[in-house]
Structures are given as structure tokens and as C-alpha cells.
2 protein chains.
Amino acid sequence: MEKYFEKLKNNGFKLTPRRRAIIDLFVSCGSHLSPEMVWHKLKLKFKRCGLPGVYRNLEALLKCGILVRIQQADRKKHYGLCVSGDNHHHHITCIKCGKVEDIKDCAIRGIDKIKGYKIVSHFMQVNGICASCRE
Amino acid sequence: MEKYFEKLKNNGFKLTPRRRAIIDLFVSCGSHLSPEMVWHKLKLKFKRCGLPGVYRNLEALLKCGILVRIQQADRKKHYGLCVSGDNHHHHITCIKCGKVEDIKDCAIRGIDKIKGYKIVSHFMQVNGICASCRE
DNA sequence: CTGTAAATAGAAACAATTTCTATTTAGTAT
DNA sequence: ATACTAAATAGAAATTGTTTCTATTTACAG
Ligand SMILES: [Mn+2]
Ligand SMILES: [Mn+2]
Ligand SMILES: [Zn+2]
Ligand SMILES: [Zn+2]
């Protein structure tokens, strides 16, 4: 918890009740959430709470390295707590419970060319069913 | 060209001027396009031409296996001609000219579990600069 | 040719996200 | 403690990308 507050400060962001609550939320649910899901949860705690603020805060937490952006097949944004910090990696998501875990091995990493292309960026997302959701 | 018309017929779709023009467009430009880009091109040929129709046709061509959906980091849909047909593969896209090529080797293929997860789906997209765009 | 289901344009609805404006607040400087 | 200021906020409105709806037109089988 403290380390997240540190990250906010180090990046010039203020520690507000909203941000505290959003971090809490991700820590306690342990899965990835869309801005709308975060908003619904926050509204239980704060009766005045705007969706644009949620979007801004999720981006702020992303900039601090507290959250990562999970790329899903739908057109929504998804964010999750990232344990591995800045090290390049990808994510595997459970389609039942939404849990997000790191995949450390990256097939692309280390390769600088495919088919003569100079590789600039890539992303990968794996979806599956985690051990506990399979019983 | 003929093979594409075959594919339409085999899937119960009619061969219309719009569809002919869309296929032409992808064959001649050799890169991936968003619905809006396709629409702009079509409007040069047909003075009455709706964007919803473009969306419907791109989905129709996708169902026939003529086009594939390219997953980009933006919130737009992108489609491209797919040479490899139904075989599982991913794509590398040139960020300069938009050209799309197949990546046959898939890091996930053959692996059925990562971190105890039963893998259900995955996607991967690589962006780079192709040999001719680098001179 | 004729009939019918599919394809179409254009308007409107929709969903996710972003921008704008006025008000409030966190953290710093007194 | 108090005042100050830049950052954070709510709520409304705008934007963007996509889908749905309705009436009209068209491809193509019979
Ligand atoms: Mn991670
Ligand atoms: Mn392909
Ligand atoms: Zn990687
Ligand atoms: Zn693959």
C-alpha cells in the first residue's frame, strides 16, 4: 500500500481519496477491471463520483506504473495491478474470475527481426481458465 | 479475384458492386484498412455509399475468410487480406506503409497450459518497419 | 421476366471515451 | 494553524467508432 503512495508522489501526483480507493479496490479484488466497473464500485463509497474522473485516475495510475493496461478482445479498456513493474512481459487472464497473472517469457523478446521487419512494438494477450476456476 | 467471388458464393453471400470494389481495394493496396479508410475510397467510385454498409461488408468478407481482423492498439477495427486462410497464425504490420504479412510460427500454439491456466484464446500483433520502408 | 431474400442508404441510436468549465481540495509555503 | 496554488474533481456536453432501424433497391434463382 505504502509503495503505491510513494509511486504517486514520485510521479508528481497527489494522493486523493479517489486514488486511495481505486488502489484499494484493485488490491482487494486481485483482477482486472474496466473503467465502468471501477466506477460502479466507487459510487458505493462516494455518492458524488464522476466517470471522467475514473478514466483520468486510471491513466494516472498507469503512468505511475501502479496499473497496467490489459488488452482484451472487446473494445474496452481494462486495467490491472501489475506485479512485475517495468520489466517487459505479457498477461494471462482468467475468463471466469478475471484474475490477471504475468507471463514472463516473451516469444518476441530478443528477436529483432521477423520477415525482414525491424520490430517496433508488439502485444500479446492470453485468455484461459485458472486452476481454481477449473475446481 | 475469381477465388474470392467463389468464397462469397460458398458462404451464401451475393456478389455486389460494393463487395467487388472492396476486394479490389484490398488487393491493390496490399495493406490493412479501417472501415473509415475503406469508406473514403469507395466514395470516390460510388457517389451514394453509406458507412454502415461498409461495416456490414467488411464483416461479411471476414466471415467468408477473405479478410482477417487485425488487432491494433487503437480503438478501431482493421481488416486485411489474409493469404494463409484458416490456418492459425498472427500478423506483422508495417507502421510506415501498412502492409500486413503472416507470422506462421505461433509461440502459444501447441502449448495447452501456462501457469496452470487452460488456454482458451490468445492474440498477438507485431508492428515494425518492413525492408522496403527502411530503403 | 418475375419474385424474394439479401443488400443498401441514410437517419438515428448506441457505447466508450474525451473535452470543457466551474468548483473544490491536497500539499506547500507562510 | 492559515493562505495559496496547482492539481483534482463533478457534471454536462462533445467526440469517436460502431450498430440498429426502416424503407427502398438489387442480385440472382426459378
Ligand atoms: Mn504484469
Ligand atoms: Mn494472415
Ligand atoms: Zn513481449
Ligand atoms: Zn497464435
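These figures come from a predicted structure and were not determined experimentally. In what follows, every chain begins at residue 1, and chains take the letters A, B, ... in the order their sequences are listed.
Heavy-atom nearest nucleotides on DNA chain D were determined for B:P35 and for B:L15, and the one closer to the 5' end corresponds to B:P35. Where A:F46 and A:R75 each meet DNA chain D at their nearest nucleotide, the meeting point lying more 5' is that of A:F46.
Side-chain N/O atoms of B:K77 include one lying less than 4.0 angstrom from OP1 or OP2 on D:dT19. Listed pair B:R48 / C:dG10 meets the phosphate criterion, a side-chain N or O lying under 4.0 Å from OP1 or OP2. Regarding contacts with the backbone of C:dT18, every side-chain N or O of A:Y55 stays at 4.0 angstrom or more from both OP1 and OP2. A:T16 has a side-chain polar atom (N or O) that falls below the 4.0 Å cut-off from OP1 or OP2 of D:dT9. Proximity of B:R19 to the phosphate of C:dA7: a side-chain N or O atom is located under 4.0 Å from OP1 or OP2.
In this structure, A:R20 atom CZ and D:dT9 atom P are separated by 13 Å, rounded to whole Å. In this structure, the NZ atom of A:K76 is 9 Å from the C1' atom of C:dA15, given to the nearest Å. Counting to the nearest Å, the P atom of C:dT8 and the CG atom of B:L42 are 10 Å from each other. Atom NZ of A:K63 and atom P of D:dA8 are 10 Å apart (whole Å). A:N10 has its CG atom 13 Å from the P atom of C:dG27, to the nearest Å. Residue A:E59 contributes atom CD, which lies 17 Å from atom C1' of D:dT9 at whole-angstrom precision. One atom, CG of B:L58, and another, P of C:dT8, lie 11 Å apart when rounded to the nearest Å. Rounded to whole Å, atom C1' of D:dG17 lies 11 Å from atom CZ of B:R69.
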### Task
Evaluate the criterion side chain to side chain contact (heavy atoms under 4.5 Å, CB included) for residue pair B:R69 and B:Y79; output intermediate values, then yes/no.
CA-CA 5 Å; B:R69 177 93 181 272; B:Y79 297 85; 4.0 Å; yes
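With values rounded to the nearest 0.5 angstrom, B:R20 atom CZ is found 13.0 Å from B:N57 atom CG.
When the nucleotides D:dG11, C:dT17, D:dA8 are ranked by their closest atom to the side chain of A:F13, D:dA8 comes out on top. The side chain of B:N57 lies closest to C:dT8 when the candidates are C:dT8, C:dA26, D:dT19. Counting only heavy atoms from C-beta on, A:P52 has its side chain closest to C:dT18 among D:dG17, D:dA27, C:dT18.
Nucleic acid contact for B:K14: base, since at least one base atom lies under 4.0 Å from a heavy atom of the residue. Residue contacts for A:R56: at a heavy-atom cut-off of 4.0 Å it reaches a base atom on one of the strands shown. Among the atoms of the strands shown, base atoms are found under 4.0 Å from some heavy atom of B:L51.
Under the 4.5 Å side-chain heavy-atom criterion for grouping Ile, Leu, Val, Met, Phe, Trp and Tyr, B:I70 is not connected to A:V120 through any hydrophobic cluster.
Contact check for B:I66 versus B:F13: no side-chain heavy atoms found under the 4.5 Å cut-off.
Between A:H90 and the options A:H122, A:Q125, A:K104, a side chain to side chain donor-acceptor pair (under 3.5 Å) holds for only A:H122.
Applying the salt bridge (Lys or Arg N to Asp or Glu O under 4.0 Å) test to every pair with at least one member in residues 72-83 of chain A, sequence neighbours left out, gives these pairs: A:E59-A:K77.
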